[in-house]
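Remember, predicted model here, so these are calculated numbers, not experimental data.
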Amino acid sequence: MHIKTGDTVEVISGENKGERGEVQRLLRGRLSGRQQGQSDPNDVRVIVAGVNMIIKHQRRTGNVRTQTGRIEREAPIDISNVMLVCPSCGKATRVGHEITGDGKKLRRCKKCGETIE
Ligand SMILES: [Zn+2]
């Protein structure tokens, strides 16, 4: 996977195109797949902080501490609609993968050539 939690990404298609934010969560597989204990590695969505906000109407549940009413929260975005933003050059970029001598996997920006932690 070329994107992970904590990365900054840019939305490259859809109504939020051009918006950037930090990846808060990666969601793998559809609900049905999860129920069967399977997940499709190609079906990955991301929650990006402050991007793709929806208003959710939260009903009171058993937990009295649960916030109720209108809650603004991020809706998942298909991972194919976002690109990693390189922390070095600040551009949305493709990343290449490299294995270092000690077996560590590195990501490298294809635009500026810098490694990405
Ligand atoms: Zn770069």
Side-chain angles (χ1 to χ4, degrees):
M1 184 45 56
H2 60 291
I3 286 171
K4 58 186 185 180
T5 309
D7 283 343
T8 299
V9 293
E10 181 171 318
V11 181
I12 54 168
S13 68
E15 57 186 279
N16 300 296
K17 188 176 175 180
E19 290 185 31
R20 290 181 176 192
E22 186 179 308
V23 175
Q24 296 193 315
R25 281 175 71 197
L26 289 171
L27 307 168
R28 292 169 205 277
R30 295 191 193 285
L31 194 59
S32 58
R34 262 208 305 272
Q35 284 169 342
Q36 291 159 15
Q38 301 167 340
S39 67
D40 178 353
N42 297 314
D43 180 18
V44 181
R45 285 164 296 157
V46 291
I47 300 283
V48 183
V51 178
N52 203 26
M53 303 301 288
I54 53 166
I55 304 286
K56 211 179 171 186
H57 295 270
Q58 178 77 50
R59 290 216 177 89
R60 186 173 292 273
T61 58
N63 186 348
V64 289
R65 284 183 173 176
T66 305
Q67 192 185 354
T68 56
R70 287 153 56 92
I71 299 171
E72 223 184 343
R73 54 167 291 176
E74 292 91 352
I77 303 170
D78 195 287
I79 202 160
S80 63
N81 289 338
V82 301
M83 261 183 129
L84 183 67
V85 174
C86 170
S88 295
C89 65
K91 291 174 184 160
T93 183
R94 290 180 171 277
V95 290
H97 288 281
E98 272 177 39
I99 310 291
T100 61
D102 56 1
K104 213 177 149 197
K105 207 168 171 188
L106 284 180
R107 298 180 298 172
R108 188 178 290 280
C109 171
K110 291 204 170 172
K111 290 204 167 138
C112 69
E114 287 294 319
T115 53
I116 302 167
E117 283 304 313

Distance, nearest 0.5 Å, that separates [atom1] of [X] from [atom2] of [Y]:
{"X": "Ile79", "Y": "Leu27", "atom1": "CD1", "atom2": "CG", "value": "9.5 Å"}
{"X": "Asn81", "Y": "Ser13", "atom1": "CG", "atom2": "OG", "value": "3.0 Å"}
{"X": "Ile99", "Y": "Lys105", "atom1": "CD1", "atom2": "NZ", "value": "6.0 Å"}

For this session: Determine the sole option in Val23, Val11, Val51 for which the side chain to side chain contact (heavy atoms under 4.5 Å, CB included) test with Val82 is passed.
Result: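 Single side chain to side chain contact (heavy atoms under 4.5 Å, CB included) partner of Val82 among Val23, Val11, Val51: Val11.
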
Are the side chains of [X] and [Y] in touch, meaning some heavy atoms are under 4.5 Å apart?
{"X": "His2", "Y": "Arg94", "result": "no"}
{"X": "Arg70", "Y": "Lys56", "result": "no"}
{"X": "Arg45", "Y": "Ile77", "result": "no"}
{"X": "Cys86", "Y": "Cys112", "result": "yes"}
{"X": "Ile116", "Y": "Pro87", "result": "yes"}

Problem set entry | Contacts of Glu98 that satisfy side-chain hydrogen bond (donor to acceptor under 3.5 Å, both in side chains) - sequence neighbours left out |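 Scan of Glu98 (side-chain hydrogen bond (donor to acceptor under 3.5 Å, both in side chains), adjacent residues dropped) gives Arg108.
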
Verify, without hydrogens or angle tests, whether [X] (side chain) and [Y] (backbone) share a donor-acceptor contact under 3.5 angstrom.
{"X": "Arg107", "Y": "Glu117", "result": "yes"}
{"X": "Asp7", "Y": "Val9", "result": "no"}
{"X": "Lys111", "Y": "Ala92", "result": "yes"}

For this session: Indicate if Val95 and Val44 have the same hydrophobic cluster label, given that clusters are the connected sets of ILVMFWY residues with side-chain heavy-atom separations under 4.5 angstrom.
Result: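 Both belong to a single hydrophobic cluster.
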
Exercise. Among pairs that include at least one residue of residues 14-27, which meet side chain to side chain donor-acceptor pair (under 3.5 Å), considering only residues two or more places apart or in two chains?
Worked result: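 Found Glu10-Arg20, Asn16-Asn52.
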
Exercise. Which atom names give the shortest non-hydrogen contact between Thr93 and Cys109, and what distance separates them?
Worked result: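 Looking at all heavy atoms of both residues, the closest pair is OG1-SG, 3.6 Å.
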
For this session: Return the minimal non-hydrogen interatomic distance between Ile3 and Met83, and the atom names on each side.
Result: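 It is CD1-C, 4.4 Å.
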
